[in-house]
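A short worksheet on the structure shown next.
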There are 2 protein chains.
Amino acid sequence: MTAAFPAATQHDGADSPPARSRRQEPPVPPVMPRRRAGRPSKAVLDTEQITRAALKLIELQGYKGLTMSALARRLGVAPSALYNHVAAKADVLVLVEDHLMAGVDVSGFATQSWESAVRRWAWSYRDVFARHTPLIPVIAVLPVTNAPRTVTMYEAVTAGFVAEGWPQERIVDAIVALESFIFGSAYDVTAPEGIFDTGALATTAPLFSTAVGRRTASANGAGDEKGNRVLGPSDSAFSLGLDALISGLAGSWPRTRS
Amino acid sequence: MTAAFPAATQHDGADSPPARSRRQEPPVPPVMPRRRAGRPSKAVLDTEQITRAALKLIELQGYKGLTMSALARRLGVAPSALYNHVAAKADVLVLVEDHLMAGVDVSGFATQSWESAVRRWAWSYRDVFARHTPLIPVIAVLPVTNAPRTVTMYEAVTAGFVAEGWPQERIVDAIVALESFIFGSAYDVTAPEGIFDTGALATTAPLFSTAVGRRTASANGAGDEKGNRVLGPSDSAFSLGLDALISGLAGSWPRTRS
DNA sequence: ACAAGAAATGAACGAAATTCATTTAGGCAC
DNA sequence: GTGCCTAAATGAATTTCGTTCATTTCTTGT
């Protein structure tokens with residue numbers, strides 16, 4: 001009946017904690033040494049290891065493969081053991097999210113112009129979460145309180161806005177607006193190729209259909225060779241929108257003319 | 001079979017039509033009279049009814065309550081019957097999505113200036129999907145081919161862009177950029193009150209923390225009385241970003257000077 | 001009239017998250 | 001030291017969901 005446990009199944013050759021040798025039969029390497037019940041002398045799990053294992057799983061199998069069972073298996077542990085460290089699967093997602101935030105590039109805010117810094121930050125932010133779209137619903141609603149790296153990221157961004165002279169009351173709104181655009185654009189990266197092909201509905205929507213045709217045509221012709229990344233459709237939309245947002249935001253508050 | 005309907009075994013396995021309510025389970029329509037197996041003389045289901053029932057369920061219980069069982073129960077049908085009309089639950093979401101698209105206000109594109117029309121469209125688009133954020137991952141990746149109302153919506157928007165004189169190759173990118181911002185902003189609407197409260201991390205992020213404080217302060221003071229809606233934090237961020245995007249996009253292509 | 005197929009029922013199945021009782025180990029209080 | 005409280009593990013069970021399948025019954029096209 002309930003056969004979802006590592007009883008007969010083994011780990012995916014990632015670990016074998018205490019090398020307890022059997023009588024004389026080392027049947028197969030990947031056989032689980034089977035920890036006996038009860039608290040182990042040395043703690044097997046902590047949130048750090050859980051985070052790492054989750055990231056590895058996501059890398060190998062995508063979010064589809066990120067199940068509590070799979071996570072437990074990878075850590076050489078029973079699924080229920082995870083619940084000593086996280087209250088629910090959502091907590092695992094939060095761990096992953098906060099880990100990822102450290103990978104967002106905020107370096108520009110210390111060194112470059114506001115425009116350049118925002119652009120660099122936004123691209124890297126989008127790139128990170130384009131590979132982790134299932135986290136977006138989580139982030140968007142997640143109180144920042146227990147996400148230290150996320151707060152650190154916001155602090156660096158805010159510093160860049162302050163340095164540019166932005167009025168305090170508008171900074172958070174501006175960041176939120178940029179972030180909203182970034183999250184939405186991250187989804188767009190994952191969209192399939194012909195997402196806008198109208199097919200049988202083409203006659204219903206002549207203007208839109210030709211616009212779609214022109215778009216892909218111009219995109220195909222525009223191979224950017226000089227070291228810049230080659231732009232896909234989602235990249236050119238992101239570029240257009242980001243530049244518009246940046247220039248629009250720059251003009252949204254009364255700067256003293258230099 | 002016996003002539004009397006065996007009310008002992010219900011087809012649900014999860015809950016029972018009679019008054020025995022376990023958790024909440026608001027008593028759905030009257031208790032259905034039990035249909036015997038086999039094809040009924042008159043078809044009970046079609047995609048139209050499924051869509052309506054799904055929308056009602058979402059309205060009453062949110063997306064959490066939208067399960068195939070609940071949907072079937074509401075339609076007076078066994079869960080498996082749904083699969084004669086949709087291939088999977090995702091199809092139900094697509095039905096709902098396309099239905100909703102008809103509610104997005106594109107009327108401005110026929111009558112107003114491009115700026116006003118985009119603004120009206122964007123606000124209504126965001127408002128619709130702020131109440132349906134679970135659809136966003138679906139929409140963002142969904143080929144438009146079998147979503148007729150979605151195509152109709154795009155056609156109206158495209159017409160507005162064409163009328164304004166936009167270059168064909170950039171129209172789709174501009175729409176995608178706006179849409180990305182809209183989807184991201186829809187999530188933001190659902191964010192809890194103190195999402196940016198840094199709590200114990202406040203000392204780590206002094207600039208960000210004060211910016212957050214100033215934001216809510218200015219938002220609280222700014223009650224808009226004259227018929228306009230009172231702006232919450234997510235509204236003012238949306239407003240700021242949308243205006244920036246619109247003006248930035250307007251300046252992104254070489255219009256002939258009037 | 002009859003075969004094909006559409007549209008229901010009802011009974012499973014399998015995956016997944018989560019809970020619970022139980023076992024064991026470490027760290028305090030006394 | 002002894003004893004208790006709690007943390008961290010196992011193993012089994014529970015619940016909920018989406019989905020499939022065999023079967024029944026009815027409609028429709030030839």
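We name chains A, B, ... by the order of the sequence lines, and we start the count at 1 in each one.
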> How far apart are the C-alpha atoms of B/L82 and B/L75, what are their side-chain angles, what is the distance that settles it, and do they pass the side chain to side chain contact (heavy atoms under 4.5 Å, CB included) test?
Replying inline: CA-CA 9 Å; B/L82 295 169; B/L75 288 160; 4.0 Å; yes

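Taking the side-chain hydrogen bond (donor to acceptor under 3.5 Å, both in side chains) definition, one finds that B/E48 meets it with B/R52, sequence neighbours left out. Remark: A/T51 pairs with no residue by the side-chain hydrogen bond (donor to acceptor under 3.5 Å, both in side chains) rule, at least two apart or across chains. Evaluation of the side-chain hydrogen bond (donor to acceptor under 3.5 Å, both in side chains) rule for B/Y83 yields no partner, not counting sequence neighbours.
Atoms CG (B/L82) and P (D/dC17) sit 14 Å apart, rounded to a whole Å. We find that CE of B/M68 is positioned 16 Å from C1' of C/dT9, with the value rounded to whole Å. Rounded to whole angstrom, the span from the OH atom of A/Y63 across to the C1' atom of C/dA16 amounts to 18 Å. B/L71 places its CG atom 12 Å from the P atom of D/dT19, with the value rounded to the nearest Å. Atom NZ of A/K42 and atom P of C/dA25 are 16 Å apart (whole Å).
Donor-acceptor pairing under 3.5 Å is lacking for the side chains of B/D188 and A/S180. Judged by distance alone, the side chains of B/S209 and B/T198 do bring a donor and an acceptor atom under 3.5 Å apart.
Side-chain to base pairing of A/S80 with D/dG11: one donor and one acceptor N or O lie within less than 3.5 Å of each other.
The side chain of A/R35 sits closest to D/dA9 out of D/dA9, C/dA17, C/dG10.
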Would you give me the side-chain donor-acceptor pairs under 3.5 Å for residues 150-158 of chain A, sequence neighbours excluded?
from, atom 1, to, atom 2, distance (Å)
A/T150, OG1, A/E97, OE2, 3.1
A/T150, OG1, A/D98, OD1, 2.9
A/T152, OG1, A/P148, O, 3.0
A/Y154, OH, A/E179, OE1, 3.1
A/Y154, OH, A/E179, OE2, 2.4
A/E155, OE1, B/L207, N, 3.3
A/E155, OE1, B/F208, N, 2.8
A/E155, OE2, B/L207, N, 3.1
A/T158, OG1, A/Y154, O, 2.7

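Taking the ring centre of A/F238 as origin, the terminal cationic atom of A/R126 falls inside the region bounded by 6.0 Å and 45° from the ring axis.
In the region residues 45-53 of chain A, proximity to DNA chain C at under 4.0 angstrom, judged on heavy atoms, holds for none of the residues. Listed in residue order, the members of residues 83-92 of chain B having a heavy atom less than 4.0 Å from DNA chain D are B/Y83, B/A88, B/K89.
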